[in-house]
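For the numbers below, each heavy atom of this structure counts, side chains included, while hydrogens, waters and symmetry mates do not. Sequence lines set the chain letters: A, B, ... in the order given, protein chains first and strands last, and positions in each chain run from 1. Here the structure is a predicted model, which means the values were calculated and not measured.
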2 protein chains.
Amino acid sequence: MSMPADEPAGDAQDSPSASTIAYRTISEAILVGTYAEGQFLDESGLARSVGTSRTPVREALRRLHAERYVDLVPRRGAQVRVITATEMQEIYETRLVIESAALTKICRQRRGAPAGVEQTLADMEEAGAAQDWFTFARLDQRFHQSLVEHGANRVLADLYQALRPRHIRLAVRTITEGPHRRETIEREHREIVAALEAHDAATAVQVLNQHLTAVPELMRAFSH
Amino acid sequence: MSMPADEPAGDAQDSPSASTIAYRTISEAILVGTYAEGQFLDESGLARSVGTSRTPVREALRRLHAERYVDLVPRRGAQVRVITATEMQEIYETRLVIESAALTKICRQRRGAPAGVEQTLADMEEAGAAQDWFTFARLDQRFHQSLVEHGANRVLADLYQALRPRHIRLAVRTITEGPHRRETIEREHREIVAALEAHDAATAVQVLNQHLTAVPELMRAFSH
DNA sequence: GGTGTGCACGTTGTATACACACTGCACACG
DNA sequence: CGTGTGCAGTGTGTATACAACGTGCACACC
């Protein structure tokens, strides 16, 4: 299924070095849920299953630590990070802060919606109709990402992107397994775009607020 | 001088492992300016000067890359990152977004200024009077940090902290070498605190805006 | 004289070997 | 029977050895 299609900001298009292979393999396994939360990862075992030595695996684990996939306990190793409901709520609160800033700036500069957003929304509706929730979720990410890229500066956009691996797994679950909020999501997206076109920051932010508040509440229901 | 007093959030109090030593040594050297911007760092050379083998040095470099101290060019090595005036401005814009969110939330919840802030400001004024600009700069960091810790959630506070190494060097230079804005800085800090105590978000944010806008303009003057 | 090719050197990327710390269990002692 | 200590096993932390790639210079050829 390959969820983390593009690399989390940093080294452009890195060659398929062993270290990169290890990073992709392990991160994907964590996202897919191969390793349980709280589980300790064995470097030698990972090395075997990835097909390299321990060195690239260690580098991958350090990177995964920087991206909050795992915790690093000295002399114990890497532990798959447990994401609490509280943290998930904080992540969405943070998203709200960053995306609001982006929307506000877009409106203040009267720039309208980002290019290509129409296509993204159309694709989303198609995926929704086909009940292809993985694609739906990825396009949702793309929509929000494009808002931030359009409105925020590079530095802020990088911070936003760093947030993604921290909630993507549960986000997919929510969309996939939850009560199908498809219509709500699509409507709110379109309302945000409309507000941007009208340079109406207040409305855009308000809809976004509502949009981003709903999700962690749903998630809370799931995590029990 | 030891600028990066506390560790950039993550592994609590890690034992003085070789890897940590390497990280501290190299990051400090970069902050102090031992290595020129754009310079490539030689792993073997660093290993010799740190007193370890290449392995811990490599891990340190990866971490420094994650924190944007260096760029990692495949097959070429680690390059001390060049911080442009544009990026510096973006960093301050980002700080403004995060700190504003923190101030707003503090006011909305009518919590007043963070505990200990009075002491920090007093220490700052003392350092300012003694023309100890390094201490002054560090306390300035602490002041802003405490605002964010007080108002923002853990996740957002972590993002904020990740920003610090990216501007701390120039920030120190600006305070140290610039026209002494001491009174201005101290006054604005006190105005922000007063606004917090009065639960007046609008004023707090407005003063902060002015406070954070001034710095990158000064920096721009320096970088030429 | 300019340009292209080939070789030698240096550096990164990876593998492997070794040292040391931690964990858990077993056994002895109170 | 409970508790503390010792020991073996396992896995991380570090060092070192090797391989592969990229760079720059020199020399030859056009």
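- When rounded to the nearest whole Å, the span between CZ of R48(B) and C1' of dG10(C) equals 12 Å.
- Looking at heavy-atom distances under 4.0 Å, I21(A) makes no contact with the nucleic acid at all.
- Judged purely by atom type and a 3.5 angstrom limit, E149(B) has no side-chain atom pairing as donor or acceptor with the backbone of S146(B).
- Classification of R154(A) and E90(B) as a salt-bridged pair fails, no side-chain N sitting under 4.0 Å from a carboxylate O.
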Counting primed atoms plus P, OP1 and OP2 as sugar-phosphate and everything else as base, spell out the protein contacts along nucleotides 13-22 of chain C at 4.0 Å heavy-atom distance: B, S or - for each nucleotide, 5' to 3'. BBBBB--BSS

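- Salt-bridge formation is not detected for the pair E37(A)/R81(A): no Lys NZ or Arg NE/NH1/NH2 atom is positioned less than 4.0 Å from an Asp or Glu carboxylate oxygen.
- Across the protein-nucleic acid pair, F40(B) atom CZ and dT12(C) atom P stand 10 Å apart, rounded to whole Å.
- Atom CG in L46(A) sits about 13 Å away from atom C1' in dT12(D), given to the nearest Å.
- Using bins of under 30°, 30° to 60° and over 60° for the plane-to-plane angle, the ring pair F143(A)/H189(A) lands in the parallel bin.
- Y23(B) and E67(B) are linked by a side-chain donor-acceptor pair at a separation below 3.5 angstrom, with hydrogens and angles left out of the test.
- For the pair R76(A) and F40(A), the distance from NZ or CZ to the six-membered ring centre is under 6.0 Å and the angle to the ring normal is within 45 degrees.
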